[in-house]
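Structure first, then comments.
Naming convention: chains lettered A, B, ... in sequence-line order (proteins, then strands); numbering from 1 in each chain.
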Amino acid sequence: MVRDMRLSTYFLPVLKETPNEAQILSHRLMLRAGMVRQASAGIYSWLPMGLKVLRKIEAIVREEQDRAGAQELLMPTIQSAELWQESGRYDAYGPEMLRIRDRHDREMLFGPTNEEQITDIFRGLAKSYRDVPKILYHIQWKFRDEIRPRFGVMRGREFLMKDSYSFDITADDARKAYYKMFVAYLRTFARLGLKAIPMRADTGPIGGDLSHEFIILAETGESQVFCHKSFLEMDPLSLAADYDGDLKPVFDAWTHNYAATEEMHDPAQEAALGDDLVTARGIEVGHIFYFGTKYSKPMGATVTGPDGQPIPLEMGSYGIGVSRLVGAIIEACHDDAGIIWPESVAPFKVGLVNLKSGDAATDGMCETLYGQLRAAGVDVLYDDRDERAGSKFATMDLIGLPYQLVVGPKGLKEGMIEVKTRATGNRETLTPEAAVHLLTA
RNA sequence: CGGGGUGUAGCUCAGCCUGGUAGAGCGUCGGCUUUGGGAGCCGAAAGUCGUAGGUUCGAAUCCUAUCACCCCGACCA
């Protein structure tokens, strides 16, 4: 834990007014809460509190990938054009790819994704059918030179993405890898405090039925989505995910009901659902594909089979927009006063509000509580500034920490302090001991 | 890339039409008073008016070019 988290010294440049550059809500709140600063169109610097949230999301994504048996590595942001020429995508990608020349005039690019890179790694180092199955992933910055970046970090040009790649020798095994990632995604988004619904996605020229977008529901979502209402009741964390077992039943349970994005929807099926149909706005936060030998064949990625013959690798790729999730979570979790962080990704669990900085009694009590909570491993942001109460409350509501621990002279006279739950607005008057107990439980 | 819009103090904006050498609120800094939901008073610092040309005695203001950013569309984790 960082040594000291006092607002008097923490770099949290909150804005009272909304900068003109931001239109969408999450973008406004991120700027106002001092989380990011735009560097140029679609490119952002992450300020301390924004980075803290980004890291928390990243950690959850990583834990769930690891749990599913994926192994983390790290590939570079800058790639050689040669690999992309091999797969045929160097020309296909178009101006969305940021192309760079190094001092020797060699063609390079800032990676928009890493299929070629991972295929190159795997073909060079994995030689036998015994080297599969494998799922490899990394969490790395990508660049896509979008025609029109917008919505703040939700559609930036530079973005942090988790991308996994699976390697198998049969389509059947590849499907098992797909199920693992499918389940890992359900768990990941649920842990992030989101209701994510897998929806059939367009597989493009590759064909097949194995591609899903994970869409979270938010009123300000970018696209229209349709699904059976049963999805709203399903809880991914309640199911036991045995990654060594058969995950097909889980996959089936989550895919047999109707769910579709605007591009894929089917009015006939929707009409048949009747009252069970939910129409909502959604934000795509993950996308998984099975694409077979699309890259392994042109790039010559094979392993030697039991019979001594080369087998082209069956592959899939699985993406999560990590930086996009920061904005997406805010879109799904906010009110008029500001952000309401799910506890799992909150930059701090508790905001300690000293209502009368400079008063011996409140200062003393705050120091005591601050020390006790930190000793118990609770992430606390202590507002020790010499500001008025109203301003402190407004700041706390804006930055959306799950709990506000309010210490003022009035309450202290009675030996009491207050705990406010940001999500519900509920306030409880408690003794300091009870409050600490509540927040460390 | 097509269409629309905006660039003036850290932020939100006024001033531009009708040219005369830059303002307000918030924030910041100092002081006093306040102290349970973005307080009040006094004082201060802070802007090559996006940039470059042009017109003019004189340009934030008029003209031209250019850059940046935002919105709608096509495209996307």
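Within 4.0 Å of A:T18, counting heavy atoms only, lie sugar-phosphate atoms of the nucleic acid but no base atom. When heavy atoms are screened at a 4.0 angstrom cut-off, A:R37 is found touching no nucleic acid atom at all.
Between B:A60 and B:A9, the two C1' atoms lie 14 Å apart (nearest whole Å). Straight-line distance between the C1' atoms of B:C72 and B:U34: roughly 49 Å, to the nearest whole Å. Nucleotides B:C17 and B:U6, compared at atom P, are 15 Å apart to the nearest Å. One P atom belongs to B:G53, the other to B:C71, and the distance between them is 32 Å to the nearest Å. Taking atom P in both B:A65 and B:A24, one finds a spacing of 35 Å when rounded to whole Å. The gap from the P atom of B:G2 to that of B:C62 amounts to 26 Å, rounded to the nearest Å. As rounded to the nearest Å, B:G73 and B:U66 have C1' atoms that lie 25 Å from one another. Here the separation of B:U28 from B:A45, taken at their C1' atoms, is 9 Å to the nearest Å.
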Inset, instruction - Let me see the working for A:Y93 and A:D91 under side chain to side chain donor-acceptor pair (under 3.5 Å), right down to the final yes or no. - result: CA-CA 6 Å; A:Y93 225 92; A:D91 296 324; over 6 Å; no
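Residue A:N20 has a polar side-chain atom (N or O) positioned under 4.0 Å from OP1 or OP2 of B:C13.
Under the 6.0 Å distance and 45° angle rule, A:R99 counts as a cation-pi partner of A:Y90. A cation-pi arrangement is present between A:K52 and A:F348, with the terminal nitrogen or guanidinium carbon under 6.0 Å from the aromatic centre and inside a 45° cone about the axis.
Ion pairing between A:K349 and A:E343 holds under the 4.0 Å rule for side-chain N and carboxylate O.
Figure legend. B:G2 is base-paired to B:C72; pairs are counted as Watson-Crick or G-U wobble with both atom distances under 3.5 Å. The base-pairing partner of B:C29, taking Watson-Crick or G-U wobble contacts with both distances under 3.5 Å, is B:G43. Across all strands shown, B:U21 forms no Watson-Crick or G-U wobble pair with both key distances under 3.5 Å. In this structure, B:G37 makes no Watson-Crick or G-U wobble pair, since no nucleotide meets both defining distances under 3.5 angstrom. B:C16 is unpaired under the criterion used here, namely a Watson-Crick or G-U wobble arrangement in which both key atom distances are under 3.5 Å. In this entry B:C62 has B:G54 as its Watson-Crick or G-U wobble partner, both defining distances falling under 3.5 Å.
In this entry the distance linking NZ of A:K392 with C1' of B:A39 reads 15 Å, nearest Å.
For the side-chain hydrogen bond (donor to acceptor under 3.5 Å, both in side chains) with A:W84, the qualifying choice from A:Q79, A:E115, A:E107 is A:Q79, the only one to do so. Just one of A:E314, A:H212, A:R175 meets the side-chain hydrogen bond (donor to acceptor under 3.5 Å, both in side chains) condition when paired with A:Y290; it is A:E314.
Donor-acceptor pairing under 3.5 Å is recorded for the side chains of A:N354 and A:D363. No side-chain donor from either of A:S357 and A:D384 sits under 3.5 Å from a side-chain acceptor of the other. With hydrogens and angles left out, the side-chain atoms of A:Y258 and A:E270 include a donor and acceptor closer than 3.5 Å. Side-chain atoms of A:R89 and A:Y295 include a donor-acceptor pair closer than 3.5 Å. Side-chain atoms of A:S166 and A:Y318 form a donor-acceptor pair, as typed in the model, at a separation below 3.5 Å.
Residue-to-nucleotide contacts include no donor-acceptor pair under 3.5 Å from the side chain of A:R385 to the base of B:G38.
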Legend entry - Per-nucleotide protein contact string for nucleotides 71-77 of chain B, where B marks a base within reach and S marks sugar-phosphate only (heavy atoms under 4.0 Å, - for neither): BBBBBBB
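The side chain of A:L398 lies closest to B:G38 when the candidates are B:U12, B:C69, B:G38.
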Any N/O pairs under 3.5 Å between the protein and nucleotides 24-27 of chain B? List them or say none.
residue: B:G25; atom: N2; partner: A:E17; partner atom: OE1; Å: 3.1

I'd like a table of atom pairs between the protein and nucleotides 29-37 of chain B - only N or O on both sides, under 3.5 Å - with the distance next to each one.
residue: B:U34; atom: O2; partner: A:R388; partner atom: NH1; Å: 2.7
residue: B:G36; atom: O6; partner: A:G411; partner atom: N; Å: 3.1
residue: B:G36; atom: N2; partner: A:E418; partner atom: OE1; Å: 2.8
residue: B:G36; atom: N2; partner: A:E418; partner atom: OE2; Å: 2.9
residue: B:G37; atom: N7; partner: A:R427; partner atom: NH2; Å: 3.3
residue: B:G37; atom: O6; partner: A:K420; partner atom: NZ; Å: 3.4
residue: B:G37; atom: O6; partner: A:R427; partner atom: NH2; Å: 2.3
residue: B:G37; atom: N1; partner: A:D397; partner atom: OD2; Å: 3.1
residue: B:G37; atom: N1; partner: A:K420; partner atom: NZ; Å: 3.4
residue: B:G37; atom: N2; partner: A:D397; partner atom: OD2; Å: 2.2

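Ring geometry for A:Y44 versus A:H27: interplanar angle over 60°, hence perpendicular rather than tilted (30 to 60°).
Annotation: side chain of A:T77 is not in contact with side chain of A:F143 (no heavy-atom distance under 4.5 Å).
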